[in-house]
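Heavy-atom basis, side chains included; hydrogens, waters and symmetry copies ignored. All figures in this text were calculated on a predicted structure; none of them were measured in a lab.
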Amino acid sequence: MTDDAPVHPAARPTKAETLELRIVGRARTPWRRREDAPHQPAAAPDARGVLEIAPEYRAALADLEGFGRIWLLFLFDRSRGWAPRVKPPRGGPKRGVFATRAPNRPSQIGLTSVALHAVDVARGEVHVSGVDLLDDTPLLDVKPYLPVVDAWPDAGHGWLEPYLAAGVEPRLKKPVRPMKRR
């Protein structure tokens, strides 16, 4: 998704509007460039990655193994600025940024779900697939995906409903050329 509206300058935050976030680790993935990364995990379900968790947070990985999927909260660290309305990649009119998954957001926080394969607490490594993050993306949190509470199959698709009803599937853009690991 691209921003073609003027970028809004960041408002000066008050003490009540600020918070401290900690980077708990980094994602190691095949994608170095934004244009090569899939737009959603479903576009590259076999793409493998490793989450490298910082030493001081490794003990928090205890008991994570055994879950089939996990949520990742991350920082869109290569996005700059934002616009209140953006043009979705599938076309149509501009949409409110909060009604899209555009990376250029007021707080630059992203959310994705990946398949969990293995956890090595001692090394601080979490092996995943279906990863759609750029290499070296800062991780803010890891949470288990719980199908019993995280899945809402009857939830509406919002402005995507007419597209889906017409048989137009979202273009998730498969990666063009994965980069070699460092």
Checking Leu111, Leu139, Val142 against Leu73 for side chain to side chain contact (heavy atoms under 4.5 Å, CB included), the one that qualifies is Leu111
Using modelled atom types and a 3.5 Å cut-off, is there a donor and acceptor pairing between side-chain atoms of Arg69 and backbone atoms of Ser113? yes
For the side chain of Asp135 and the backbone of Arg32, is there at least one donor-acceptor N/O pair under 3.5 Å apart? no
Are side-chain heavy atoms of [X] and [Y] found at a separation under 4.5 Å?
X      : Y      : answer
Pro93  : Trp159 : no
Gln108 : Trp82  : no
Val97  : Asn104 : no
Leu51  : Val128 : yes
Leu140 : Ile109 : yes

What closest approach, in Å, do [X] and [Y] show between heavy atoms, and which atom pair accounts for it?
X      : Y      : result
Arg34  : Pro103 : NH2-CG, 2.8 Å
Phe76  : Ala102 : CE1-O, 4.4 Å
Ser129 : Val114 : O-CB, 3.5 Å
Ser107 : Leu75  : O-CD1, 4.4 Å
Val86  : Pro88  : O-CD, 3.4 Å
Val121 : Ala59  : CG1-CA, 4.4 Å

NZ/NE/NH1/NH2 to OD/OE distance under 4.0 Å, [X] and [Y]:
X      : Y      : answer
Asp141 : Lys143 : yes
Glu52  : Arg28  : yes
Arg22  : Glu20  : yes

Would Thr112 and Phe74 count as a side chain to side chain contact (heavy atoms under 4.5 Å, CB included) here? Give the steps. CA-CA 8 Å; Thr112 194; Phe74 62 92; 4.0 Å; yes
Are a donor atom and an acceptor atom from the side chains of Arg95 and Thr100 found within less than 3.5 Å of each other? no
Any side-chain donor-acceptor pair under 3.5 Å between Trp31 and Asp132? no
Counting only heavy atoms not in Arg78, do more than 12 fall under 6.0 Å of its CZ? yes
Gap separating the CD1 atom of Ile53 from the CZ atom of Arg26, nearest 0.5 angstrom: 11.5 Å
Interatomic spacing from NZ in Lys94 to CZ in Arg85 - rounded to 0.5 Å: 8.0 Å
Is there a side chain to side chain contact (heavy atoms under 4.5 Å, CB included) between Leu116 and Leu64? Walk through the geometry before answering. CA-CA 9 Å; Leu116 176 62; Leu64 186 63; 4.1 Å; yes
With a 4.5 Å cut-off on side-chain heavy-atom distances among I, L, V, M, F, W and Y, is there a chain of contacts connecting Trp152 to Val149? no
Quick one, Arg58 with Arg123, criterion side chain to side chain contact (heavy atoms under 4.5 Å, CB included). Give me CA distance, side-chain angles, the key distance, then yes/no. CA-CA 8 Å; Arg58 291 178 181 171; Arg123 294 180 58 149; 5.6 Å; no
Begin from the C-alpha positions of Ile70 and Val126 and carry the test side chain to side chain contact (heavy atoms under 4.5 Å, CB included) through to its verdict. CA-CA 10 Å; Ile70 54 176; Val126 180; 4.0 Å; yes
